[in-house]
Amino acid sequence: MRVSRFLLSTTKETPADAEVISHQLMLRAGMIRKVASGLYSWLPLGLRVLRKVETIVREEMDRSGAQELLMPVVQPAELWQESGRWEQYGPELLRMQDRHQRDFCLGPTHEEVITDIARREIRSYRQLPANFYQIQTKFRDEIRPRFGVMRAREFLMKDAYSFHLDTDSLQQTYDLMHQTYCRIFSRLGLDFRAVQADTGSIGGKSSHEFHVLADAGEDDIAFSTQSDYAANVELAAALPPIKPRQAPGANMASVATPGQHSIEEVSNFLGIGASQCLKTLLVQGANNDVVALVLRGDHSLNEVKAEKLPQVHVPLTFATAEQVRAIASCDPGSIGPVGLRIRVIADHSAAQCSDFVCGANHDGRHLTGVNWGRDLPEPATADIRKVVTGDPSPDGKGEIAIRRGIEVGHIFQLADKYSQALNASCLDETGQGRIMQMGCYGIGVSRVVAAAIEQNHDDRGIIWPQALAPFQVALLPINLHKSPRLQDEVNTLYDELCNAGIEVMLDDRKERPGVMFADMDLIGIPCRVVISDRSLESSTVEYKGRRDSQSEDIPRENIIAFLRNKLSVC
RNA sequence: CGGGGUGUAGCUCAGUCUGGUAGAGCACUGCCUUCGGGAGGCAGGGGUCGUAGGUUCGAAUCCUGUCACCCCGACCA
């Protein structure tokens, strides 16, 4: 490709509304342009990268035995009503009507459509297992689209759906997809982790998210420092403390804490650590009642864990101010577990505290020297907090460390959630109809592009992993317009590179060298070859890798072999 | 949804308080000089100041409505 025939729309200035690096660089490099909030056009440069991701995903899905198909973006309401999601889905589902006032939606995902296909087409167990995938645009009407294509409303996704006669078969394909995803993200050159994830409202036994590790990520991932344990923080178990609770050493006393509400305020006011304070959260119970959740002051409630308690209402809802006053006769900020006449559930680590401080259920007062068993009943205990750095790893090996991750893949077992609702069954060996088991496997293709940049950039621009680069080699002639001889030479070299199957971008603009260097660094081409009258004299060309600090002279006749070697190694 | 902010040239922004008929840098076009890390000069093109209405002799500027975009918030207990 010659730059003179290519839309290379780079800018020096960073658009004001781009917050994260990947968004800034994608705009500056001329990969994407915003059309409306959360909606982007992919310019030629960006599309080349997107296609690279697609190609790798497609190759590995095909290799795993999955079959590609393509389903419509616009889907009829009837299918969604059948699964129950027309009502369940909130405003994220963009609904519309056609000219006949029939209801449709833009597909945020395709379980309904694929299940409809399966129930029509699959008759016999002999056709199973089957795994269908597509690479298709999705639409989710996000409350707050941000970070460019990282959290856009319209995005490109690879989604696959597998069908099985039984759960063993489902597990096998699930495991195969786990391996396939590892292959895909390895080939993409990304530093990623497969982490145990919450199965959410869908339920099912296991679920894994694939995260690219990057500070701009929106999820917290908990790792073991010594094993390969990794889990979404929402899921990571906090083990109960091993040490027994210390015996009470103080008498309970009520102290005035005027205007001190938060744990931080109270602990500062009393001059004690936050871990010596307990916080009490009143939430709606499952039986139209109110439940108190007690945590150590330095810990945070894990809402996902709390929702799994049978006594707690789903979704987790905090008690209203009126309920708080009725139960604790004080404002939030002074609640404590002592004397509460409702169910109290304490986190394991809160239950281990002794001589602690808590709200006195009296505005402007707290209790000190409080002890379970003596001043109030021993509480029911559960794991309801978020793990923190330094906690023991749930698998018993090492400690927890927490890093940010960008979710680029998610696999889970749907079991019969959709096949049951849509009555997707087939005949088994005995001729009996059986509801099929389903798995679901997604990769955010457009998000992968942003994630790759978050992980691979410097102050000059993007540094593409070899597999994602829009072009493999940038060929930069210096002062091309002045030297007919250089023009001949560079054209010859360009043809040689193209014939060698190397994707090369020839900068044939009448630009100064600094401009060309800066542009090629910005758009992140991994290999740079500079050719000039000077190099013609010595029969060499100059090579520099995007991450290299120094260039090296390569004999002209060796350059193709040299580049081939570089490209295969990278 | 609540709170805050911004809409002026393709981009980044000044001008708004104090009304007088629109500017800078970058980008773009032409010419000259320069020529190995985002050069310099000269000349030029480009804006119904988001939009609708109002006040006024006169509105980018003041008032009202409206639309779009951005940021923050939804565990004080």
Side-chain angles (χ1 to χ4, degrees), chain A residues 8-19 23-24 27-28 30 33-39 90-91 143-148 257 259-269 274 277-283 290 292-297 299-304 306 315-321 323-325 327-337 340 350 357-366 384-386 459-461 476-483 486 507 509-522 528 530-535 542 544 549 551:
Chain A
L8 189 66
S9 287
T10 56
T11 61
K12 274 190 265 191
E13 288 178 285
T14 304
D17 55 1
E19 283 182 275
H23 190 196
Q24 292 169 1
L27 289 168
R28 286 190 53 209
R33 289 292 181 258
K34 185 166 80 172
V35 177
S37 179
L39 305 176
I143 310 175
R144 260 187 79 192
R146 56 184 141 177
F147 305 150
T257 50
Q260 312 300 311
H261 300 297
S262 68
I263 290 293
E264 189 184 356
E265 288 165 357
V266 171
S267 61
N268 285 340
F269 183 81
C277 300
L278 296 193
K279 59 176 153 189
T280 308
L281 284 60
L282 300 187
V283 302
V290 174
L293 303 177
V294 180
L295 291 154
R296 228 167 68 184
H299 288 153
S300 315
L301 178 68
N302 182 325
E303 299 191 15
V304 171
L316 187 83
T317 312
F318 284 86
T320 62
Q323 287 175 313
V324 170
R325 182 143 293 275
I327 290 163
S329 61
C330 65
D331 287 330
S334 300
I335 309 176
L340 274 190
V357 170
C358 63
N361 298 323
H362 187 294
D363 283 337
R365 299 198 75 85
H366 280 73
I384 53 173
R385 70 174 173 95
K386 285 182 184 165
D459 53 0
R460 290 193 303 232
L476 307 187
I478 305 296
N479 294 321
L480 182 65
H481 61 284
K482 278 190 174 174
S483 168
L486 183 59
D507 198 340
R509 294 176 297 178
K510 189 182 170 184
E511 280 291 357
R512 300 159 54 83
V515 173
M516 297 195 289
F517 295 155
D519 272 346
M520 294 304 136
D521 284 347
L522 175 60
R528 187 182 85 187
V530 174
I531 182 168
S532 64
D533 275 328
R534 185 204 295 172
S535 64
E542 190 179 300
K544 180 176 169 300
S549 54
S551 62

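Excluded from the calculations below are hydrogen atoms, water molecules and symmetry mates; all remaining heavy atoms, backbone and side chain alike, are included. Residue numbers start from 1 in every chain, and the chains themselves are labelled A, B, ... in the order their sequence lines are given, proteins ahead of strands.
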Problem set entry | Pairing partner (Watson-Crick or G-U wobble, both distances under 3.5 angstrom) of rG38(B) | none
For this session: Give a yes or no on whether the backbone of S300(A) and the side-chain of R385(A) come within a donor-acceptor separation of less than 3.5 Å.
Result: no
Seminar exercise, completed: As its Watson-Crick or G-U partner within any shown strand, both distances under 3.5 Å, rA22(B) has none
Exercise. So what does E19(A) hit on the nucleic acid, given a heavy-atom distance under 4.0 Å: a base, only sugar-phosphate, or nothing?
Worked result: sugar-phosphate
Exercise. When you compare rU21(B) with rU61(B), how far apart are their C1' atoms, in angstrom units rounded to a whole number?
Worked result: 12 Å
Exercise. Quick check: are there more than 12 heavy atoms from other residues, nucleotides or ligands sitting under 6.0 Å from CD of E265(A)?
Worked result: yes
Problem set entry | Nearest-Å distance for atom pair CG/P, residues D363(A) and rA77(B) | 15 Å
Problem set entry | Side chain to side chain, N361(A) and L340(A), heavy atoms closer than 4.5 Å | yes
For this session: Identify which nucleotide among rA77(B), rC69(B), rC76(B) has an atom closest to any side-chain atom of H261(A), counting heavy atoms from C-beta outward.
Result: rC76(B)
Problem set entry | Salt bridge flag under 4.0 Å for residues D519(A) and R509(A) | yes
Problem set entry | Atom-to-atom span, CG of N302(A) to C1' of rC75(B) - whole angstrom | 12 Å
For this session: Would you indicate which nucleotide in rC75(B), rC1(B), rU12(B) comes nearest to any side-chain atom of I143(A)?
Result: rC1(B)
For this session: Check whether any side-chain heavy atom of E542(A) sits under 4.5 Å from a side-chain heavy atom of I531(A), and report yes or no.
Result: no
For this session: At under 4.0 Å between heavy atoms, which parts of nucleotides 35-47 of chain B does protein reach? Answer with one letter per nucleotide, 5' to 3': B base, S sugar-phosphate only, - none.
Result: BBBBB--------
Exercise. Nearest nucleotide by nearest heavy atom, which residue falls closer to the 5' end of RNA chain B, R146(A) or L282(A)?
Worked result: R146(A)
For this session: Name the nucleic acid region contacted by S334(A), choosing base, sugar-phosphate or nothing; use a 4.0 angstrom heavy-atom cut-off, strictly under.
Result: nothing
Problem set entry | Flag, side chain of D363(A) to backbone of C330(A), donor-acceptor distance under 3.5 Å | no
Exercise. In whole angstrom, what separates F147(A)'s CZ from rC69(B)'s C1'?
Worked result: 16 Å
Exercise. Roughly how far apart, to the nearest Å, are rC31(B) and rG45(B) at atom C1'?
Worked result: 15 Å
Problem set entry | Residue matched to rC62(B) through Watson-Crick or wobble contacts both under 3.5 angstrom | rG54(B)
For this session: Could you work out the separation of rC35(B) and rG20(B) based on their P atoms and round it to a whole Å?
Result: 48 Å
For this session: For rC70(B) and rG30(B), measure between their C1' atoms and round to the nearest Å.
Result: 39 Å
For this session: Assign L476(A) to base, sugar-phosphate, or nothing according to its heavy-atom contacts below 4.0 angstrom with the strands shown.
Result: nothing
Seminar exercise, completed: Under a 3.5 Å limit on both distances, the Watson-Crick or wobble mate of rC28(B) is rG44(B)
For this session: Heavy atoms only: give me the nearest S334(A)-H362(A) pair and the separation to one decimal.
Result: CB-O, 3.5 Å
Exercise. For rG7(B), which nucleotide in any strand shown is its Watson-Crick or wobble partner with both distances under 3.5 Å?
Worked result: rC67(B)
For this session: Apply side-chain contact (heavy atoms from CB on, under 4.5 Å) to the pair N302(A) and I384(A), showing each step before the final yes or no.
Result: CA-CA 6 Å; N302(A) 182 325; I384(A) 53 173; 6.0 Å; no
For this session: Please confirm whether the backbone N or O of L480(A) pairs with a side-chain atom of S483(A), one donor and one acceptor, at under 3.5 Å?
Result: no
Exercise. How close or far is atom P of rU12(B) from atom CD of E13(A), stated in whole angstroms?
Worked result: 8 Å
For this session: Mind calculating the distance between CG (L27(A)) and C1' (rA27(B)) to the nearest angstrom?
Result: 16 Å
Exercise. Distance between the P atoms of rC57(B) and rG10(B), in whole angstroms?
Worked result: 34 Å
For this session: Measure the distance from CD on E264(A) to P on rA77(B) and round it to the nearest whole Å.
Result: 10 Å
For this session: Write down the distance separating the P atoms in rG46(B) and rG3(B), rounded off to the nearest Å.
Result: 44 Å
Exercise. Does K34(A) make a side-chain N or O approach to OP1 or OP2 of rC70(B) shorter than 4.0 Å?
Worked result: yes
Exercise. What interatomic distance, in whole Å, is found between P of rU66(B) and the corresponding atom of rG2(B)?
Worked result: 13 Å
Exercise. What is the distance from CD of Q24(A) to C1' of rC70(B), rounded to the nearest Å?
Worked result: 14 Å
Exercise. Distance between the C1' atoms of rC26(B) and rA9(B), in whole angstroms?
Worked result: 12 Å
For this session: Could you let me know what rC1(B) is paired to, Watson-Crick or G-U wobble, both distances under 3.5 Å, or none if it's on its own?
Result: rG73(B)
Exercise. With a non-hydrogen cut-off below 4.0 angstrom, is K510(A) in contact with a base, only sugar-phosphate, or nothing?
Worked result: nothing
Problem set entry | Spacing between L295(A) atom CG and rC75(B) atom P, to the nearest angstrom | 14 Å
